[in-house]
Amino acid sequence: MTSLRRPQDAADIHHLDQGRRTQIADIVRRQSQGASTGSAGQGTAEERKERIVSAVRGRGSVPVSHLADVLGISRPTLLRDLSVLERKNVLRRTSDGAVVAGPCPAPSASIDRKRRSRAHTEFARLCMDLIGDEQTLFLDSGRASHALAEALGGARVSVLTNALGVAEVLAERDAAHVVLLGGELCPTSRTLVGPVTAATLERFTVDIAFIAVSGVTSRGISVPATADGHIKQVAMARARRVVVAAEAPAIGRDAFFGIAGLEDVDDIVCDLPRPDLVRWCRAHEVRLHCTERGPEVS
């Protein structure tokens with residue numbers, strides 16, 4: 001389907017340093033010092049949960065074993081607390097730890113939109129670095145794909161897409177060659193899906209397929225909708241190189257429909273190199289490109 005390449009530049013993957021436990025412990029200690037002593041009942045349990053949240057938010061992602069060590073509690077107690085916090089949508093469990101459930105609260109919605117806009121611009125910049133002159137590309141729907149379409153400008157490339165929004169952006173620019181696939185229109189995502197789209201897509205071969213996903217775990221990549229997922233599968237099969245775009249909330253999450261394993265992915269572009277994602281990429285020889293620098297993983 002696609003040739004896998006071992007990362008050649010260690011700088012592409014940020015690793016967690018050996019002082020990780022110390023850093024997490026420092027976060028927990030600072031939280032503990034600021035917490036009220038309270039009673040030994042409900043107050044202690046709530047303070048413990050606050051310390052868990054503080055540690056995870058401070059590092060982005062923390063393995064269960066590390067949390068249990070620095071908090072000095074048993075693994076079953078920690079897992080129960082994590083389940084409670086996940087139900088409250090504060091944290092999200094992963095295969096071996098916990099991550100924040102979503103972006104930290106912003107002072108205002110406008111600031112959050114600006115931050116996300118900057119993140120998508122950085123996504124596009126990293127993707128542009130992977131594109132050569134006169135290459136052929138597949139772009140699906142999503143904010144990262146839309147930003148990449150804007151960044152392409154007058155680049156000498158051929159773009160194949162099933163996303164109306166992407167085609168509209170490219171139509172306003174001096175793009176060299178744009179092919180919009182036919183098929184059934186999905187009004188919510190403004191994408192073309194179904195057997196006609198898949199059959200047409202199979203007649204093309206592209207140098208790079210940029211695939212936006214809603215879930216990335218050690219098991220692979222996933223999306224919410226089966227129809228959209230099937231088109232992504234066909235695009236991956238017709239590409240010489242598969243680049244997955246995954247925003248922070250997708251990491252450690254299984255969406256409804258799994259479309260491929262990590263062994264079928266060549267590159268992942270994401271916001272922050274969370275430790276579990278780094279380990280998964282290493283295990284499957286996937287190159288990792290991040291818009292932000294994160295903790296190092298040994």
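Excluded from the calculations below are hydrogen atoms, water molecules and symmetry mates; all remaining heavy atoms, backbone and side chain alike, are included.
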Determine the minimum heavy-atom distance between [X] and [Y], stating which atoms define it.
X: Leu180; Y: Ala167; answer: CD1-CB, 4.0 Å
X: Ala246; Y: Val213; answer: CB-CG2, 4.0 Å
X: Val166; Y: Ala149; answer: CG1-CB, 4.0 Å
X: Leu78; Y: Ala68; answer: CD2-N, 3.5 Å
X: Cys186; Y: Val193; answer: CB-CG2, 4.4 Å
X: His120; Y: Ala147; answer: O-CB, 3.5 Å

Determine yes or no for a side-chain-to-main-chain donor-acceptor pair under 3.5 angstrom, with [X] supplying the side chain and [Y] the backbone.
X: Ser214; Y: Ala250; answer: no
X: Ser222; Y: Ala255; answer: yes
X: Arg125; Y: Leu148; answer: no
X: Arg238; Y: Phe204; answer: yes
X: Thr77; Y: Ile73; answer: no
X: Arg240; Y: Ile208; answer: no

Can you find a pair of side-chain heavy atoms, one from [X] and one from [Y], that are under 4.5 Å apart?
X: Ile231; Y: Leu201; answer: yes
X: Val179; Y: His177; answer: yes
X: Leu164; Y: Leu185; answer: yes
X: Glu184; Y: Pro195; answer: yes
X: Arg253; Y: Val216; answer: no
X: Arg75; Y: Leu79; answer: yes
X: Leu181; Y: Thr161; answer: no
X: Ser218; Y: Trp280; answer: yes

Between Ile268 and His289, does a side chain to side chain contact (heavy atoms under 4.5 Å, CB included) hold up when you go through it step by step? CA-CA 6 Å; Ile268 292 179; His289 314 268; over 6 Å; no
To the closest 0.5 Å, what do you measure between [atom1] ([X]) and [atom2] ([Y])?
X: Phe138; Y: Asp207; atom1: CZ; atom2: CG; result: 14.5 Å
X: Arg287; Y: Glu285; atom1: CZ; atom2: CD; result: 10.5 Å
X: Leu160; Y: Thr205; atom1: CG; atom2: OG1; result: 10.0 Å
X: Phe123; Y: His146; atom1: CZ; atom2: NE2; result: 16.0 Å
X: Cys127; Y: Glu122; atom1: SG; atom2: CD; result: 11.0 Å
X: Arg143; Y: Glu247; atom1: CZ; atom2: CD; result: 4.5 Å

With no hydrogens and no angle check, just 3.5 Å: does a side-chain donor-acceptor pair link [X] and [Y]?
X: Ser83; Y: Arg80; answer: no
X: Thr191; Y: Asn162; answer: no
X: Thr291; Y: Asp271; answer: no

Could you give me the CA-CA distance, side-chain angles and deciding distance for Thr226 and Phe256, then say whether side chain to side chain contact (heavy atoms under 4.5 Å, CB included) is met? CA-CA 8 Å; Thr226 56; Phe256 180 62; 4.0 Å; yes
Within one Ile-Leu-Val-Met-Phe-Trp-Tyr cluster: [X] and [Y], side-chain cutoff 4.5 Å:
X: Leu137; Y: Leu192; value: no
X: Leu139; Y: Val157; value: yes
X: Leu288; Y: Val286; value: yes
X: Leu71; Y: Val84; value: no
X: Val169; Y: Ile131; value: no

Side chain to side chain contact (heavy atoms under 4.5 Å, CB included) between Gln233 and Phe257: does it pass, once the steps are laid out? CA-CA 11 Å; Gln233 287 176 320; Phe257 181 58; 4.1 Å; yes
Between Arg241 and Asp266, is the closest basic N to carboxylate O distance under 4.0 Å? no
Set of residues satisfying salt bridge (Lys or Arg N to Asp or Glu O under 4.0 Å) with respect to Asp81, sequence neighbours excluded: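 Arg48, Lys49.
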Assess the residue pair Val243 and Ile211 against the criterion (side chain to side chain contact (heavy atoms under 4.5 Å, CB included)); give the C-alpha distance rounded to whole Å, side-chain angles, the decisive distance to 0.1 Å, and a yes or no. CA-CA 6 Å; Val243 178; Ile211 305 296; over 6 Å; no
Step-by-step side chain to side chain donor-acceptor pair (under 3.5 Å) determination, Ser145 to Asp140: CA-CA 6 Å; Ser145 298; Asp140 59 8; 3.1 Å; yes
Tell me the salt bridge (Lys or Arg N to Asp or Glu O under 4.0 Å) pairs involving residues 185-203, sequence neighbours left out? Glu168-Arg190
